[in-house]
Amino acid sequence: MKPPKFCSNFNSSPETAQEVLRSSLLKALSSAKNTSQLRALHSWIIISGLGLSVVFSGKLISKYAQLKDPISSVSVFRTVSPTRNVYQWNSIIRALTRNGLFTQALGYYTEMRETKLQPDAYTFPSVINSCARLLDLKMGRVVHEHVEEMGFESDLYIGNALIDMYCRFGDLEKARYMFDEMSDRDSVSWNSLISGYCSNGFWEEALDMYHKSRMSGIVPDCFTMSSVLLACGSLTAVEEGLKIHGVIEKIGIGGDIVTGNGLLSMYFKFERPRETGRVFAEMAAKDSVTWNTMICGYSQLGWHEESVKLFMAMKDEFAPDVLSVTSTIRACGHLGDLRIGKKSLTQ
DNA sequence: CTGCAGTATG
(Lines give C-alpha, C1' and ligand atoms only; values in the text may rest on other atoms or scores of the structure.)
Protein backbone atom coordinates (compact mmCIF):
# COMPACT_ATOMS: atom_id res chain seq x y z
CA MET A 1 0.00 0.00 0.00
CA LYS A 2 1.19 3.49 -0.80
CA PRO A 3 1.84 5.88 2.06
CA PRO A 4 -0.71 8.67 2.43
CA LYS A 5 0.12 11.82 0.50
CA PHE A 6 1.03 13.96 3.51
CA CYS A 7 3.73 11.47 4.46
CA SER A 8 5.44 11.30 1.12
CA ASN A 9 8.06 13.89 2.01
CA PHE A 10 9.30 11.74 4.86
CA ASN A 11 9.51 8.61 2.81
CA SER A 12 13.11 8.07 1.82
CA SER A 13 12.65 5.52 -0.93
CA PRO A 14 14.87 6.54 -3.85
CA GLU A 15 11.96 7.15 -6.24
CA THR A 16 10.25 9.59 -3.97
CA ALA A 17 13.43 11.45 -3.12
CA GLN A 18 14.01 11.95 -6.82
CA GLU A 19 10.45 13.22 -7.23
CA VAL A 20 10.87 15.68 -4.37
CA LEU A 21 14.11 16.95 -5.86
CA ARG A 22 12.47 17.32 -9.27
CA SER A 23 9.52 19.24 -8.00
CA SER A 24 11.57 21.56 -5.80
CA LEU A 25 13.90 22.31 -8.70
CA LEU A 26 10.89 23.00 -10.93
CA LYS A 27 9.40 25.31 -8.34
CA ALA A 28 12.71 27.14 -7.86
CA LEU A 29 13.08 27.40 -11.62
CA SER A 30 9.76 29.14 -12.09
CA SER A 31 10.47 31.63 -9.30
CA ALA A 32 14.05 32.55 -10.29
CA LYS A 33 14.30 36.33 -10.31
CA ASN A 34 17.58 36.99 -12.13
CA THR A 35 20.24 35.28 -14.19
CA SER A 36 22.64 34.66 -11.31
CA GLN A 37 19.94 32.76 -9.43
CA LEU A 38 19.12 30.93 -12.61
CA ARG A 39 22.77 30.00 -13.25
CA ALA A 40 23.09 28.58 -9.75
CA LEU A 41 19.93 26.58 -10.29
CA HIS A 42 21.15 25.49 -13.70
CA SER A 43 24.23 23.91 -12.13
CA TRP A 44 22.10 22.10 -9.57
CA ILE A 45 19.98 20.74 -12.39
CA ILE A 46 23.09 19.47 -14.16
CA ILE A 47 24.49 17.94 -10.96
CA SER A 48 21.18 16.16 -10.41
CA GLY A 49 21.51 14.63 -13.84
CA LEU A 50 18.40 16.44 -15.12
CA GLY A 51 20.16 18.79 -17.55
CA LEU A 52 19.27 16.75 -20.61
CA SER A 53 15.67 16.05 -19.62
CA VAL A 54 13.12 17.46 -22.02
CA VAL A 55 11.19 19.35 -19.36
CA PHE A 56 14.21 20.88 -17.62
CA SER A 57 16.11 21.88 -20.73
CA GLY A 58 12.94 23.39 -22.20
CA LYS A 59 12.22 25.31 -19.02
CA LEU A 60 15.80 26.54 -18.82
CA ILE A 61 15.60 27.79 -22.40
CA SER A 62 12.37 29.70 -21.66
CA LYS A 63 13.55 31.03 -18.33
CA TYR A 64 16.80 32.41 -19.71
CA ALA A 65 14.74 34.05 -22.46
CA GLN A 66 12.34 35.52 -19.93
CA LEU A 67 15.33 37.05 -18.12
CA LYS A 68 16.54 38.51 -21.43
CA ASP A 69 19.51 36.17 -21.82
CA PRO A 70 18.74 34.42 -25.13
CA ILE A 71 22.43 33.56 -25.62
CA SER A 72 22.16 31.19 -22.66
CA SER A 73 18.93 29.80 -24.14
CA VAL A 74 20.89 28.94 -27.25
CA SER A 75 23.67 27.33 -25.26
CA VAL A 76 21.17 25.12 -23.41
CA PHE A 77 19.61 24.17 -26.73
CA ARG A 78 23.09 23.22 -28.02
CA THR A 79 23.59 20.80 -25.13
CA VAL A 80 20.48 18.87 -26.18
CA SER A 81 21.23 19.09 -29.91
CA PRO A 82 20.62 17.37 -32.12
CA THR A 83 17.14 16.76 -30.78
CA ARG A 84 13.96 15.50 -32.37
CA ASN A 85 11.82 16.81 -29.54
CA VAL A 86 9.36 19.46 -30.74
CA TYR A 87 8.98 21.05 -27.32
CA GLN A 88 12.69 21.88 -27.24
CA TRP A 89 12.58 23.38 -30.74
CA ASN A 90 9.49 25.39 -29.83
CA SER A 91 11.23 26.67 -26.72
CA ILE A 92 14.28 27.97 -28.59
CA ILE A 93 12.19 29.55 -31.37
CA ARG A 94 10.00 31.29 -28.80
CA ALA A 95 13.07 32.32 -26.76
CA LEU A 96 14.62 34.09 -29.75
CA THR A 97 11.35 35.67 -30.90
CA ARG A 98 10.52 37.20 -27.53
CA ASN A 99 13.98 38.77 -27.45
CA GLY A 100 13.69 40.37 -30.85
CA LEU A 101 16.02 37.89 -32.58
CA PHE A 102 13.52 37.22 -35.34
CA THR A 103 15.92 36.25 -38.10
CA GLN A 104 17.61 33.72 -35.83
CA ALA A 105 14.20 32.36 -34.78
CA LEU A 106 13.25 31.81 -38.41
CA GLY A 107 16.63 30.19 -38.95
CA TYR A 108 15.83 27.58 -36.30
CA TYR A 109 12.39 27.05 -37.83
CA THR A 110 13.98 26.40 -41.22
CA GLU A 111 16.55 24.08 -39.68
CA MET A 112 13.80 22.20 -37.89
CA ARG A 113 11.94 21.63 -41.13
CA GLU A 114 15.15 20.55 -42.86
CA THR A 115 15.52 17.74 -40.33
CA LYS A 116 12.04 16.62 -41.43
CA LEU A 117 10.73 17.15 -37.93
CA GLN A 118 7.05 18.14 -37.96
CA PRO A 119 6.22 21.41 -36.19
CA ASP A 120 3.12 21.36 -33.99
CA ALA A 121 0.49 23.95 -33.16
CA TYR A 122 2.78 25.56 -30.56
CA THR A 123 5.54 26.17 -33.09
CA PHE A 124 3.63 28.58 -35.30
CA PRO A 125 2.63 31.58 -33.15
CA SER A 126 6.26 32.59 -32.55
CA VAL A 127 7.28 31.83 -36.13
CA ILE A 128 4.41 33.94 -37.47
CA ASN A 129 5.32 36.64 -34.99
CA SER A 130 8.91 36.72 -36.28
CA CYS A 131 7.72 37.04 -39.89
CA ALA A 132 5.39 39.84 -38.80
CA ARG A 133 8.02 41.83 -36.94
CA LEU A 134 10.51 41.46 -39.79
CA LEU A 135 7.83 42.49 -42.31
CA ASP A 136 8.97 39.40 -44.20
CA LEU A 137 5.99 39.01 -46.52
CA LYS A 138 7.53 36.16 -48.45
CA MET A 139 8.35 34.01 -45.42
CA GLY A 140 4.99 34.94 -43.92
CA ARG A 141 3.21 33.57 -46.93
CA VAL A 142 5.28 30.36 -46.85
CA VAL A 143 4.61 29.83 -43.15
CA HIS A 144 0.90 30.46 -43.69
CA GLU A 145 1.00 27.70 -46.33
CA HIS A 146 2.65 25.36 -43.83
CA VAL A 147 -0.14 26.13 -41.37
CA GLU A 148 -2.73 25.17 -43.97
CA GLU A 149 -0.85 22.05 -45.11
CA MET A 150 -0.80 20.85 -41.52
CA GLY A 151 -4.44 21.70 -40.89
CA PHE A 152 -3.80 24.19 -38.08
CA GLU A 153 -5.83 27.03 -39.60
CA SER A 154 -8.59 26.69 -37.02
CA ASP A 155 -6.21 27.02 -34.04
CA LEU A 156 -7.14 30.16 -32.10
CA TYR A 157 -3.59 31.25 -31.23
CA ILE A 158 -2.35 30.68 -34.77
CA GLY A 159 -5.33 32.52 -36.22
CA ASN A 160 -4.72 35.46 -33.90
CA ALA A 161 -1.03 35.53 -34.82
CA LEU A 162 -1.96 35.54 -38.52
CA ILE A 163 -4.39 38.44 -38.02
CA ASP A 164 -1.63 40.41 -36.35
CA MET A 165 0.86 39.50 -39.07
CA TYR A 166 -1.36 40.69 -41.93
CA CYS A 167 -2.15 43.87 -40.01
CA ARG A 168 1.55 44.61 -39.67
CA PHE A 169 1.98 43.89 -43.36
CA GLY A 170 -0.68 46.54 -43.96
CA ASP A 171 -2.92 43.94 -45.61
CA LEU A 172 -6.09 44.73 -43.67
CA GLU A 173 -8.30 42.88 -46.13
CA LYS A 174 -6.42 39.66 -45.55
CA ALA A 175 -6.44 40.26 -41.81
CA ARG A 176 -10.18 40.84 -41.91
CA TYR A 177 -10.63 37.72 -44.03
CA MET A 178 -8.69 35.66 -41.45
CA PHE A 179 -10.87 37.12 -38.71
CA ASP A 180 -14.12 36.39 -40.56
CA GLU A 181 -13.06 32.83 -41.36
CA MET A 182 -12.15 31.91 -37.78
CA SER A 183 -14.35 29.27 -36.20
CA ASP A 184 -13.96 30.85 -32.79
CA ARG A 185 -12.64 34.21 -31.70
CA ASP A 186 -11.57 35.63 -28.38
CA SER A 187 -10.75 39.14 -27.23
CA VAL A 188 -7.24 38.84 -28.67
CA SER A 189 -8.73 38.24 -32.14
CA TRP A 190 -10.87 41.38 -31.82
CA ASN A 191 -8.08 43.46 -30.27
CA SER A 192 -5.55 42.44 -32.91
CA LEU A 193 -7.84 43.57 -35.70
CA ILE A 194 -8.92 46.77 -33.94
CA SER A 195 -5.33 47.71 -33.23
CA GLY A 196 -4.39 46.83 -36.81
CA TYR A 197 -7.03 49.19 -38.18
CA CYS A 198 -5.67 51.91 -35.90
CA SER A 199 -2.02 51.47 -36.74
CA ASN A 200 -2.92 51.75 -40.41
CA GLY A 201 -5.05 54.84 -39.93
CA PHE A 202 -8.44 53.18 -40.47
CA TRP A 203 -9.99 54.90 -37.48
CA GLU A 204 -13.65 54.48 -38.47
CA GLU A 205 -13.16 50.78 -39.13
CA ALA A 206 -11.50 50.44 -35.73
CA LEU A 207 -14.47 52.04 -33.98
CA ASP A 208 -16.87 49.99 -36.09
CA MET A 209 -15.16 46.76 -34.99
CA TYR A 210 -15.20 47.98 -31.40
CA HIS A 211 -18.99 48.36 -31.60
CA LYS A 212 -19.33 44.96 -33.23
CA SER A 213 -17.22 43.44 -30.45
CA ARG A 214 -19.45 44.97 -27.81
CA MET A 215 -22.55 43.67 -29.56
CA SER A 216 -21.07 40.19 -29.65
CA GLY A 217 -20.69 40.30 -25.87
CA ILE A 218 -16.91 40.79 -25.67
CA VAL A 219 -15.90 42.83 -22.63
CA PRO A 220 -13.31 45.42 -23.70
CA ASP A 221 -9.98 45.47 -21.85
CA CYS A 222 -6.96 47.79 -21.72
CA PHE A 223 -5.72 46.52 -25.08
CA THR A 224 -9.05 47.41 -26.72
CA MET A 225 -9.19 50.79 -25.09
CA SER A 226 -5.66 51.88 -25.93
CA SER A 227 -6.56 51.43 -29.61
CA VAL A 228 -10.03 52.91 -29.46
CA LEU A 229 -8.92 56.02 -27.54
CA LEU A 230 -6.34 56.68 -30.24
CA ALA A 231 -9.06 56.39 -32.90
CA CYS A 232 -11.36 58.82 -31.07
CA GLY A 233 -8.54 61.30 -30.63
CA SER A 234 -7.55 61.16 -34.29
CA LEU A 235 -11.17 61.59 -35.44
CA THR A 236 -11.89 64.19 -32.76
CA ALA A 237 -14.87 61.99 -31.95
CA VAL A 238 -15.60 63.77 -28.68
CA GLU A 239 -18.92 62.21 -27.84
CA GLU A 240 -17.68 58.71 -28.53
CA GLY A 241 -14.50 59.42 -26.56
CA LEU A 242 -16.47 60.53 -23.51
CA LYS A 243 -18.63 57.41 -23.74
CA ILE A 244 -15.53 55.22 -23.89
CA HIS A 245 -14.05 57.03 -20.90
CA GLY A 246 -17.25 56.11 -19.07
CA VAL A 247 -16.90 52.46 -20.03
CA ILE A 248 -13.27 52.49 -18.86
CA GLU A 249 -14.34 53.72 -15.43
CA LYS A 250 -17.25 51.30 -15.30
CA ILE A 251 -15.17 48.20 -15.99
CA GLY A 252 -12.41 49.46 -13.72
CA ILE A 253 -9.36 49.58 -15.98
CA GLY A 254 -8.64 53.27 -15.42
CA GLY A 255 -5.62 52.31 -13.33
CA ASP A 256 -3.83 50.81 -16.31
CA ILE A 257 -0.98 53.15 -17.35
CA VAL A 258 -1.38 52.67 -21.09
CA THR A 259 -5.12 53.28 -20.88
CA GLY A 260 -4.52 56.38 -18.75
CA ASN A 261 -1.96 57.65 -21.24
CA GLY A 262 -4.47 57.06 -24.02
CA LEU A 263 -7.03 59.20 -22.18
CA LEU A 264 -4.49 62.00 -21.68
CA SER A 265 -3.56 62.17 -25.32
CA MET A 266 -7.19 61.90 -26.47
CA TYR A 267 -8.25 64.84 -24.31
CA PHE A 268 -5.31 66.88 -25.60
CA LYS A 269 -6.46 66.21 -29.15
CA PHE A 270 -9.94 67.32 -28.08
CA GLU A 271 -8.24 70.47 -26.73
CA ARG A 272 -9.68 69.80 -23.30
CA PRO A 273 -6.65 70.33 -21.04
CA ARG A 274 -8.86 70.50 -17.92
CA GLU A 275 -10.05 66.93 -18.44
CA THR A 276 -6.47 65.91 -19.14
CA GLY A 277 -5.35 67.50 -15.90
CA ARG A 278 -8.05 65.69 -13.99
CA VAL A 279 -7.15 62.32 -15.45
CA PHE A 280 -3.46 63.00 -14.80
CA ALA A 281 -4.12 63.91 -11.18
CA GLU A 282 -6.09 60.72 -10.66
CA MET A 283 -3.48 58.44 -12.19
CA ALA A 284 -1.90 56.38 -9.42
CA ALA A 285 0.91 55.10 -11.63
CA LYS A 286 2.72 57.23 -14.17
CA ASP A 287 5.52 56.42 -16.57
CA SER A 288 7.74 58.46 -18.86
CA VAL A 289 5.08 58.39 -21.59
CA THR A 290 2.63 59.94 -19.13
CA TRP A 291 4.94 62.86 -18.36
CA ASN A 292 6.08 63.41 -21.92
CA THR A 293 2.48 63.38 -23.14
CA MET A 294 1.53 66.02 -20.60
CA ILE A 295 4.51 68.26 -21.28
CA CYS A 296 4.12 68.16 -25.06
CA GLY A 297 0.34 68.51 -24.84
CA TYR A 298 0.40 71.59 -22.62
CA SER A 299 3.13 73.14 -24.70
CA GLN A 300 1.14 72.63 -27.90
CA LEU A 301 -1.87 74.34 -26.35
CA GLY A 302 0.31 77.23 -25.21
CA TRP A 303 0.06 76.39 -21.50
CA HIS A 304 3.76 77.08 -21.08
CA GLU A 305 3.90 77.45 -17.31
CA GLU A 306 2.19 74.11 -16.85
CA SER A 307 4.56 72.35 -19.18
CA VAL A 308 7.67 73.83 -17.57
CA LYS A 309 6.37 72.93 -14.11
CA LEU A 310 5.78 69.35 -15.17
CA PHE A 311 9.19 69.17 -16.79
CA MET A 312 10.86 70.24 -13.55
CA ALA A 313 8.77 67.69 -11.63
CA MET A 314 9.47 64.76 -13.90
CA LYS A 315 13.17 65.02 -14.57
CA ASP A 316 14.26 63.62 -11.21
CA GLU A 317 12.31 60.45 -11.79
CA PHE A 318 12.30 59.89 -15.54
CA ALA A 319 14.42 60.83 -18.50
CA PRO A 320 12.62 63.43 -20.62
CA ASP A 321 12.70 62.65 -24.32
CA VAL A 322 13.90 64.94 -27.11
CA LEU A 323 10.41 66.22 -27.72
CA SER A 324 9.65 67.32 -24.20
CA VAL A 325 13.07 68.97 -23.93
CA THR A 326 12.49 70.97 -27.10
CA SER A 327 8.96 71.91 -26.12
CA THR A 328 10.18 72.99 -22.69
CA ILE A 329 12.89 75.17 -24.19
CA ARG A 330 10.25 76.72 -26.43
CA ALA A 331 7.95 77.20 -23.47
CA CYS A 332 10.75 78.98 -21.59
CA GLY A 333 11.23 81.23 -24.57
CA HIS A 334 7.55 82.12 -24.54
CA LEU A 335 7.70 82.81 -20.84
CA GLY A 336 10.79 84.95 -21.35
CA ASP A 337 12.40 82.99 -18.56
CA LEU A 338 15.91 82.08 -19.59
CA ARG A 339 16.86 81.10 -16.07
CA ILE A 340 14.35 78.27 -15.89
CA GLY A 341 15.21 77.26 -19.43
CA LYS A 342 18.87 76.95 -18.55
CA LYS A 343 18.20 75.33 -15.18
CA SER A 344 15.89 72.74 -16.62
CA LEU A 345 18.61 71.62 -18.97
CA THR A 346 21.59 71.66 -16.66
CA GLN A 347 20.21 70.28 -13.42
C1' DC B 1 5.69 21.33 -21.06
C1' DT B 2 5.23 25.62 -24.68
C1' DG B 3 1.81 29.86 -28.35
C1' DC B 4 -1.32 35.50 -29.93
C1' DA B 5 -2.93 41.77 -28.79
C1' DG B 6 -1.69 47.94 -26.46
C1' DT B 7 0.18 54.17 -25.52
C1' DA B 8 2.61 60.01 -26.36
C1' DT B 9 5.64 63.25 -30.48
C1' DG B 10 8.31 70.32 -32.25
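Only heavy atoms go into these numbers, but all of them, side chains included; no hydrogens, no water, no symmetry mates.
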Contact class for [X] (heavy atom, under 4.0 Å): base, sugar-phosphate, or nothing?
X        : value
A:Ser62  : nothing
A:Ser189 : nothing
A:Ser227 : nothing
A:Ser91  : nothing
A:Leu230 : sugar-phosphate
A:Arg185 : nothing
A:Lys63  : nothing

Starting from [atom2] on [N], measure out to [atom1] on [X] and report it in whole angstrom.
X        : N     : atom1 : atom2 : value
A:Asn90  : B:dT2 : CG    : P     : 11 Å
A:Ile93  : B:dT2 : CD1   : P     : 16 Å
A:Lys269 : B:dA8 : NZ    : P     : 6 Å
A:Tyr109 : B:dT2 : OH    : C1'   : 16 Å
A:Asn292 : B:dA8 : CG    : P     : 12 Å
A:Leu96  : B:dG3 : CG    : P     : 13 Å
A:Ile257 : B:dG6 : CD1   : P     : 17 Å
A:Met294 : B:dT9 : CE    : P     : 13 Å

Check the phosphate of [N] against [X], side-chain N and O only, distance under 4.0 Å to OP1 or OP2. Yes or no?
X        : N      : answer
A:Arg94  : B:dG3  : yes
A:Gln300 : B:dG10 : yes
A:Asn129 : B:dA5  : yes

Would you mind telling me which of [options] lies closest to the side-chain atoms of [X]?
X        : options             : answer
A:Tyr87  : B:dC1, B:dG6, B:dC4 : B:dC1
A:Ser265 : B:dC4, B:dT2, B:dA8 : B:dA8
A:Tyr157 : B:dA5, B:dC4, B:dC1 : B:dC4
A:Val55  : B:dG6, B:dC1, B:dG3 : B:dC1
A:Thr259 : B:dG3, B:dG6, B:dA8 : B:dG6
A:Asn261 : B:dG3, B:dG6, B:dT7 : B:dT7
A:Cys222 : B:dG6, B:dT2, B:dA5 : B:dG6
A:Thr293 : B:dC4, B:dA8, B:dT2 : B:dA8
A:Asp186 : B:dA8, B:dC4, B:dG6 : B:dC4

Which word best sums up how the rings of [X] and [Y] line up, parallel for under 30°, tilted for 30 to 60°, or perpendicular for over 60°?
X        : Y        : value
A:Phe77  : A:Trp89  : perpendicular
A:Trp303 : A:Tyr298 : parallel
A:Phe179 : A:Trp190 : perpendicular

| message | If stacking means aromatic ring centre less than 5.5 angstrom from the base's six-membered ring centre, planes under 30°, is A:Phe223 stacked on B:dG6? | response | no
| said: Tell me if a side-chain donor or acceptor on A:Asn99 pairs with a main-chain N or O of A:Ala95 at a distance below 3.5 Å. | reply: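 A pair under 3.5 Å: yes.
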| request: Only counting residues at least two apart or in another chain, list the ones meeting salt bridge (Lys or Arg N to Asp or Glu O under 4.0 Å) with A:Lys212. | output: A:Asp208
| request: Is it possible for you to check whether A:Lys174 lies under 6.0 Å from the centre of the six-membered ring of A:Phe169, through NZ or CZ, and within 45° of that ring's axis? | output: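 Because its charged atom misses either the 6.0 Å distance or the 45° angle limit, A:Lys174 does not stack over A:Phe169.
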| Which other residues end up in the same hydrophobic cluster as A:Ile46, if Ile, Leu, Val, Met, Phe, Trp and Tyr are linked when side-chain heavy atoms come under 4.5 Å apart? | none
| For DNA chain B, which residues in residues 197-214 of chain A have a heavy atom at a distance below 4.0 Å? |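 Those residues: none at all.
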| request: May I ask you to verify whether the side chain of A:Asp155 and the base of B:dG3 hold a donor-acceptor pair under 3.5 Å? | output: yes
| Distance-only donor-acceptor test (3.5 Å): side chain A:Asp221, base B:dG6 |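 By the distance-only test, no, there is no pair.
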| field | Exceeds 12 heavy-atom contacts within 6.0 angstrom, atom CD of A:Glu239 | value |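 No, the 6.0 Å shell around CD holds no more than 12 heavy atoms from other groups.
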| task | Compute the centroid of each ring, for A:His146 and then for A:Phe152, and state whether the two points are separated by less than 6.0 Å. | result | no
